[in-house]
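One structure is given below, encoded as structure tokens.
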Protein chains: 2
Amino acid sequence: MTIHDVAAAAGVSISTASKALNNTGRMGAETRERVKRIAGEIGFRPNALARGLLSKRSFTIGLLTNDTYGRFTLPVMAGISEALVDHGVSVFLCAIEDDPALGQIHVDAMLDKQVDGIIASGKRLDRRLPVDLSSLPVPVVYAFTEGTPNSVTLRSDDGQGARLAVEWLAKLGRHRIAHITGPEDFFSVRERASAYREVAGDAEPVLYGIWAESWGHEAVGSIWDRPGEKPDAVFCGNDQIARGVVDALRERGVRVPEDVSVVGFDNWEILAAQTRPPLTSIDMGLKELGREAGLTVLALAEGRPVEPGVRKLPCRLVVRQSCGGMSPTE
Amino acid sequence: MTIHDVAAAAGVSISTASKALNNTGRMGAETRERVKRIAGEIGFRPNALARGLLSKRSFTIGLLTNDTYGRFTLPVMAGISEALVDHGVSVFLCAIEDDPALGQIHVDAMLDKQVDGIIASGKRLDRRLPVDLSSLPVPVVYAFTEGTPNSVTLRSDDGQGARLAVEWLAKLGRHRIAHITGPEDFFSVRERASAYREVAGDAEPVLYGIWAESWGHEAVGSIWDRPGEKPDAVFCGNDQIARGVVDALRERGVRVPEDVSVVGFDNWEILAAQTRPPLTSIDMGLKELGREAGLTVLALAEGRPVEPGVRKLPCRLVVRQSCGGMSPTE
DNA sequence: TTGAGGAGAGAAAACCTTTTCTCACGCTGC
DNA sequence: GCAGCGTGAGAAAAGGTTTTCTCTCCTCAA
């Protein structure tokens, strides 16, 4: 089913058929309608390859990621797809592990296929993908991964997210707020910790560890075993740690949320909702991040100007039951 | 950088350049080498759109899924990508939620882009995607979702997986093996339960519930609170349930694995490894499934014959510490 | 010396669409 | 009655590549 068939069936030339279908050119209204009707009847759909060859636009972009579990990439991907499907753009997903060679293969394959742009994503804000995207013939947007100097980079505002969490705890009347978090060499860990300090002061030390439940357990042990007053709230670096914290507290007979409020980070639905009690958590808004990234790369592909630099998107507090108290709108 | 530039730089015609680069046609060996060298030097890469237009092969396939969390789709995707990247094939990922309209939009977009084939995937073996793929102009392979009657369908062998689990427990000397699993209306639940019955007999009832930790908890409660002898092993319908079971047992002072062995299903790394103790689990081999699906759709796209029907791929036992005992090779 | 045949290379068509250019025709205004 | 113009529609080129066909030499054998 090519445009030839449409033209033949409508008794017009190919050029007329094309113009009719694209609402361009001059022609009689009934001719246009007839061509359109016939195209619909025989189920004509234009070949995107041929169209792309001419227009230099493939309506295709690539998403490059090294996030194997997809915990971060999946929401980003969903946002991108959601934003771009209306524009007829499809997305190549390329998981490149941490392998530079594999990354290069995928980038080359995408360029061969004339993608209109590339979105680079990852599992960590302060690490680069193992492949250089700085001088590609197509626009590149970095989302949730570190970009090159003059690039467009989108990331979550972890400081604001942390502030949100701690202020929420404060609003609930908690004032001895501990912070149990991940490895200090993560930029986002430092950013969250410093926002935490701003709001909570330094009554409690920040406990750095690893991104695991076991660390949440262990940290609760070290805090509750030491003498002196105990915290009445814990702000955790991610939901896994929070889960460990909640479990450890319950095992010690400390009630959550009655005695201690706990806030997580990431709002990893499948974990946060299964914890007992379900975790109040900070959502980084990765889907919105993806949506923005999609629209941005599209803008660049269409030649619209986008000012370079790092753009931080706000986090959101998702209230469940691990803090007790009021609803978030009060 | 087009083949015109290569031809000009090498002082040959376009056709000669093309033939040189593709190792086709007749020509002097040094001419061929010279063209290749120059193409390499100026960084020529053929335009896949133009090539696809002519060859009717876009070296592109689509992966359609309604699995939002990507827990099943992600490993499948990884397998597909891994198998096809060597063949120069890129993959469009289309997440269609459960929306028929969205599904149709994505399918149309992919067909417009002349994909060589489509792989349909999902989150459940016994459900169809909300879009009809039965009479598309491109080959379709179903992976981890129900296919249409005469299609090629790939799925995990859940019966064999369940057998693996129960036999493993038996081999460890466990003989009162309980089965706590998901909703009975899942085909895979029934399949696993019936394999369990075959091996374990019906000393213990099968407990059907929901796919949640809370159900694991609850089920342990109902078993351990009833009078009489207790199980010495629990085979769980998935890792979330297993997690709930392990936690509930620990809370009751029942030791895992000393007193009771626990096996999960899905081998959801991030959960199984964080459980205390880490879960022995059945891996459905979704990556291999993806790989097979990729190679199969490629075969179909190239016109090689593939016999239709349902092909079951074996599950694998992944031993961690929740069963105790020996290593898996003994 | 001539004819056949083969080797090397180029011309051109094809893939499908969009877009620009050209053409024919009928009408209006002088 | 004729120049000019607007309208509707088609011809053709372009985009980058592959492939088939053709052409020109050159060599070798008769």
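Chain letters run A, B, ... following the sequence lines, proteins first, then strands; residues in each count from 1.
- In terms of position on DNA chain C, the residue among B/Ser13 and B/Leu53 whose nearest nucleotide sits closer to the 5' end is B/Ser13.
- Taking 4.0 Å as the cut-off between side-chain N and carboxylate O, B/Arg51 and A/Asp112 do not count as a salt-bridged pair.
- Rounded to an integer number of Å, the gap from B/Arg51 CZ to C/dC16 C1' is 18 Å.
- Positionally, the nearest nucleotide of DNA chain D for B/Ala50 lies more toward the 5' end than for the other of B/Thr16 and B/Ala50.
- A close approach under 4.0 Å does not occur between any side-chain nitrogen or oxygen of B/Thr2 and OP1 or OP2 of D/dG16.
- Rounded to whole Å, atom C1' of C/dA13 lies 13 Å from atom CD1 of B/Ile14.
- Within a 6.0 Å sphere centred on CG of A/Asn23, heavy atoms belonging to other residues, nucleotides or ligands number more than 12.
- Put simply, A/Asn22 has a side-chain N or O that comes within less than 4.0 Å of OP1 or OP2 on C/dT18.
- When rounded to the nearest whole Å, the span between CZ of B/Arg32 and P of C/dG8 equals 10 Å.
- Between A/Trp268 and B/Trp268, the two ring planes are perpendicular [angle over 60°; tilted spans 30° to 60°].
- Checked by atom type, the side-chain pair A/Ser15/A/Ser18 shows no donor-acceptor distance below 3.5 Å.
- Computed from coordinates, the B/Asp5 CG to D/dG15 P distance equals 12 Å when rounded to whole Å.
- Along DNA chain D, the nucleotide nearest B/Arg45 and the nucleotide nearest B/Arg26 are compared for position; the residue whose nucleotide lies closer to the 5' end is B/Arg45.
- Look at CG on A/Asn47: it is 13 Å from C1' on C/dT18, rounded to the nearest Å.
- Between B/Ser18 and D/dT17 there is no side-chain N or O to OP1 or OP2 distance below 4.0 Å.
- For A/Ile3, counting side-chain heavy atoms from C-beta on, the closest listed nucleotide (C/dT18, C/dC15, D/dT18) is C/dT18.
- Between A/Arg127 and A/Asp98 no salt bridge is recorded (no basic side-chain N to carboxylate O distance below 4.0 Å).
- Comparing C/dT17, D/dG16, D/dT17 against the side chain of A/Leu54 picks out C/dT17 as the nearest.
- When rounded to the nearest whole Å, the span between CE of A/Met1 and P of C/dT17 equals 11 Å.
- By the 6.0 Å and 45° rule, A/Arg124 stacks over the aromatic ring of A/Phe186.
- For the OP1/OP2 pair of D/dA9 and a distance below 4.0 Å, the side-chain nitrogens and oxygens of A/Thr31 include at least one atom meeting the criterion.
- For the residue pair A/Ser156 and A/Asp158, a side-chain donor N or O sits within less than 3.5 Å of a side-chain acceptor on the partner.
- Distance CG (A/Leu49) to C1' (D/dT17): 12 Å, rounded to an integer number of Å.
- Residue A/Ser15 places a side-chain atom within donor-acceptor reach of the base of D/dA11, judged by atom type and a 3.5 Å distance cut-off alone.
- Relative to the axis of its first five pairs, the axis of the last five pairs of the helix from C/dT1-D/dA30 to C/dC30-D/dG1 sits at 70°, rounded to 10 degrees.
- The base of D/dG10 is paired with the side chain of A/Lys19 by a donor and an acceptor separated by under 3.5 Å.
- The closest side-chain donor-acceptor pair between A/Lys113 and B/Ser90 falls under 3.5 angstrom.
- Taking atom CG of residue A/Leu111 and atom P of nucleotide D/dG16, one finds them 16 Å apart after rounding to whole Å.
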